[in-house]
Amino acid sequence: MEKYNIILLGPPGAGKGTHAEFLVRELGVEHISTGDMLRAAVAEGTALGRQAQTYMEAGALVPDEVVIGIVRERLLRSRPGRVLFDGFPRTPAQAEALEKVAEEVGLPRALVVYLQVSDEEVVARLSGRLQCRDCGAIFNRRYDDLEAGAKCPTCGGEVYQRDDDRPETIRRRLCAYREQTEPLIAYYRQRGQLVEVPAEGDTIENLAARVVAAVRERHS
Ligand code: AMP
């Protein structure tokens with residue numbers, strides 16, 4: 001199979017984290033989630049975390065130079081052969097920076113998987129989303145018999161609602177997505193790198209199988 005990177009693109013709540021887990025298992029690529037890296041920095045209280053926290057709590061994007069810096073540093077440190085980017089790039093400036101750093105570390109060209117989800121579904125998913133503080137597993141009140149404060153069925157850790165999954169923050173995150181991230185769809189389509197996958201209306205397993213199949217189809 002041809003060597004390639006994968007970029008997961010889509011609105012907040014499109015299922016990037018969930019599909020990333022499946023793809024990483026299936027394809028054995030290295031997973032880079034800027035959201036996870038930033039949340040870890042916030043939890044540790046590092047200088048980066050303190051800088052990022054204000055933006056994240058407001059539902060805004062963290063400034064490009066900060067995010068590009070952490071991705072670049074991670075790629076230079078771990079020198080992976082193939083990467084699955086989850087939540088990065090989110091702006092045209094980040095997409096351009098990624099191209100440069102990919103060349104610098106010898107990463108292959110990326111296939112961009114655009115997860116298509118309607119606005120109503122996004123709001124329903126985000127407002128019901130719960131996450132484990134310890135293992136990062138994602139659940140939803142709509143499907144899983146869980147509430148914030150419950151024990152994680154996977155590892156026993158505490159399940160919580162992310163601060164940025166509150167209704168007013170969800171609205172701001174959707175605006176940020178529309179204004180800053182959506183232009184990337186046309187950017188990657190024009191370059192022949194985009195694969196569009198409908199990502200709602202079925203079970204998570206079936207949707208994940210669809211995403212994996214779409215990736216394999218393009219690159220087998
Ligand atoms: P996520 O877990 O991918 O939904 O990211 C959660 C939050 O982290 C976002 O709402 C942003 O505030 C921040 N964030 C994550 N990735 C990026 C990125 N590539 N550029 C800017 N901000 C980001």
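Computed from a prediction, not measured in an experiment: that's the story for all the values here. Read the numbers this way: they start at 1 and go in the same order the structure lists the ligands and their atoms.
- Within the structure, the side-chain hydrogen bond (donor to acceptor under 3.5 Å, both in side chains) test picks out the following pairs touching residues 61-72 (sequence neighbours left out): Asp64-Thr91, Asp64-Gln94, Arg72-Glu104.
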Per-pair distances, 0.1 Å, donor-acceptor, side chain in residues 180-187, under 3.5 Å, sequence neighbours excluded:
{"residue": "Thr181", "atom": "OG1", "partner": "Arg90", "partner atom": "O", "Å": "2.7"}
{"residue": "Tyr187", "atom": "OH", "partner": "Arg191", "partner atom": "NH1", "Å": "3.3"}

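- Taking CD1 of Ile32 as the start and CE of Met37 as the end, the distance is 6.0 Å to the nearest 0.5 Å.
- Within 4.0 Å of ligand 1, the residues that place a heavy atom are Thr34, Gly35, Leu38, Arg39, Met56, Ala60, Leu61, Val62, Val67, Gly87, Phe88, Arg90, Gln94, Arg162, Asp164, Arg173, listed by chain and number.
- In this structure, the side chain of Arg141 engages the main chain of Ser127 through a donor-acceptor pair within 3.5 Å.
- Evaluation of the side chain to side chain contact (heavy atoms under 4.5 Å, CB included) rule for Asp202 yields Asn206, Leu207, Arg210 as partners, not counting sequence neighbours.
- Geometric assessment of Arg109 against the ring of Tyr4 yields a negative cation-pi assignment under the 6.0 Å and 45° thresholds.
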